[in-house]
Amino acid sequence: MFDPLTIADDNFQPSVALTGIYINNSLADFGSAYSPFDSAINSLTEIRLPYHQNFLTFEFAALEYNIPEQIRYRYMLDGFDAGWVNAENNNAAVYTKIPPGHYTLKINATNTAGKWSDHIKILPVIITPPFWKTWWFISLCAFAVVATVYSLLQLRISAIRKKEQQKAQFEREASELKAQAPAGTDEPPFYFQLS
């Protein structure tokens, strides 16, 4: 005899594991010398990629093996998505053109009874900006602009001072020549007469 009321609810809380990461549509290599990742896929503590590697696909699976077609998934790239994205039975999260910044990938799954697990897979994702958008490059450019403007102002001030000094010297020489002129005449002491 079988009594359906004696069947207990499925209270299993499945964990989620990453099964693949694609970067710009190429499967990432893990642990090799040429890989951006230095450890196995589920041992990663963060993903750090340059700005031009911002097309990412994450594949994942819930660690519950009976009736896998009843497991539903949801994911969120915190800082990019506004909330959870319900993926139903699709076990892949695709992101294109992620801008530079710090994000947190969160993946969750249900058990076969449709209850969301308390175990959420969390993985920090960092997309670094190009060097010309970094704070140190912008600071360096701002410093260069300020230094250039300051140098140009100093050159201009120096040129004005030199011109003022030449004008003052010319006026001094003119007043000395006027002082040397014979009394009663306004003519300079030396003049030439053309015949």
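Every heavy atom of this structure was used, including side-chain atoms; hydrogens, water molecules and symmetry mates were not.
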Nearest 0.5 angstrom please: N54 CG to N24 CG, how far?
6.5 Å
Please report the shortest heavy-atom distance between I41 and T19, naming the atom on each side.
CD1-C, 3.8 Å
Treating Ile, Leu, Val, Met, Phe, Trp and Tyr as nodes and any side-chain heavy-atom pair under 4.5 angstrom as an edge, say whether V85 and I21 lie in one connected cluster.
yes
Which heavy atom of F12 sits nearest to which heavy atom of P14, and what is that distance?
O-CD, 3.3 Å
Got a second to check how far S26's OG is from Q53's CD, nearest 0.5 Å?
9.5 Å
Steps toward side chain to side chain contact (heavy atoms under 4.5 Å, CB included) verdict (K121, F60)
CA-CA 10 Å; K121 176 73 175 176; F60 41 84; over 6 Å; no
Nearest heavy-atom neighbours spanning K115 and N11
NZ-OD1, 3.1 Å
Determine the minimum heavy-atom distance between R72 and G114, stating which atoms define it.
NH2-O, 4.1 Å
Under a 4.5 Å cut-off applied to non-hydrogen side-chain atoms, are Q13 and W116 in contact?
no
Can you check whether E69's main-chain N or O pairs, donor with acceptor, with N89's side chain at less than 3.5 Å?
yes
Worked verdict on Y73 versus N108 for side chain to side chain contact (heavy atoms under 4.5 Å, CB included):
CA-CA 6 Å; Y73 298 96; N108 195 0; over 6 Å; no
Measuring centre to centre across the rings, with the benzene-like ring taken for any Trp, is Y75 within less than 6.0 Å of F58?
no
Flag the pair S117 / N111 as yes when at least one side-chain heavy-atom distance between them is below 4.5 Å, and no otherwise.
no
Treating Ile, Leu, Val, Met, Phe, Trp and Tyr as nodes and any side-chain heavy-atom pair under 4.5 angstrom as an edge, say whether L44 and Y103 lie in one connected cluster.
yes
Where do E64 and I71 land on the side chain to side chain contact (heavy atoms under 4.5 Å, CB included) test, with the steps shown first?
CA-CA 8 Å; E64 183 169 0; I71 297 174; 3.9 Å; yes
State the CZ-CG distance between R74 and D81, to the nearest 0.5 angstrom.
13.0 Å
Atom NZ of residue position K133 - does it have more than 12 heavy atoms of other residues, nucleotides or ligands inside 6.0 Å?
no
To the closest 0.5 Å, what do you measure between CD (E173) and CD (E176)?
7.0 Å
Side chain S139, main chain W135, donor-acceptor under 3.5 Å:
yes
Go through the steps for W132 and Y51 under the test ring-ring contact (aromatic ring centres under 6.0 Å, His included), then give the verdict.
CA-CA 11 Å; W132 61 86; Y51 70 97; 5.8 Å; yes
Heavy-atom side-chain proximity of Y150 to Q154 below 4.5 angstrom:
yes
Let me confirm one number: the OG-CZ distance from S151 to R156, rounded to the nearest 0.5 Å.
15.5 Å
Side-chain contact test, heavy atoms from C-beta onward, threshold under 4.5 Å: evaluate it for V16 versus L63 and give yes or no.
no
Go through the steps for I98 and L77 under the test side chain to side chain contact (heavy atoms under 4.5 Å, CB included), then give the verdict.
CA-CA 10 Å; I98 302 171; L77 190 59; 3.9 Å; yes
For the aromatic rings, using the six-membered ring if either is Trp, is the centroid distance between F80 and Y95 under 6.0 Å?
yes
Could you tell me the separation between the CG atom of L56 and the CG atom of L49, rounded to the nearest 0.5 Å?
6.0 Å
Side-chain heavy-atom pair I107, L18 within 4.5 angstrom cut-off
yes
Is there a side-chain contact between E59 and Y22 (heavy atoms, below 4.5 Å)?
yes
Of all heavy-atom pairs linking P129 and T134, the shortest is CG-CG2, 4.0 Å
Taking the side chain as every heavy atom from C-beta outward, state whether I23 and I47 have any atom pair closer than 4.5 Å.
no
For residues F131 and W136, determine if any side-chain heavy atom of one lies less than 4.5 Å from a side-chain heavy atom of the other.
yes
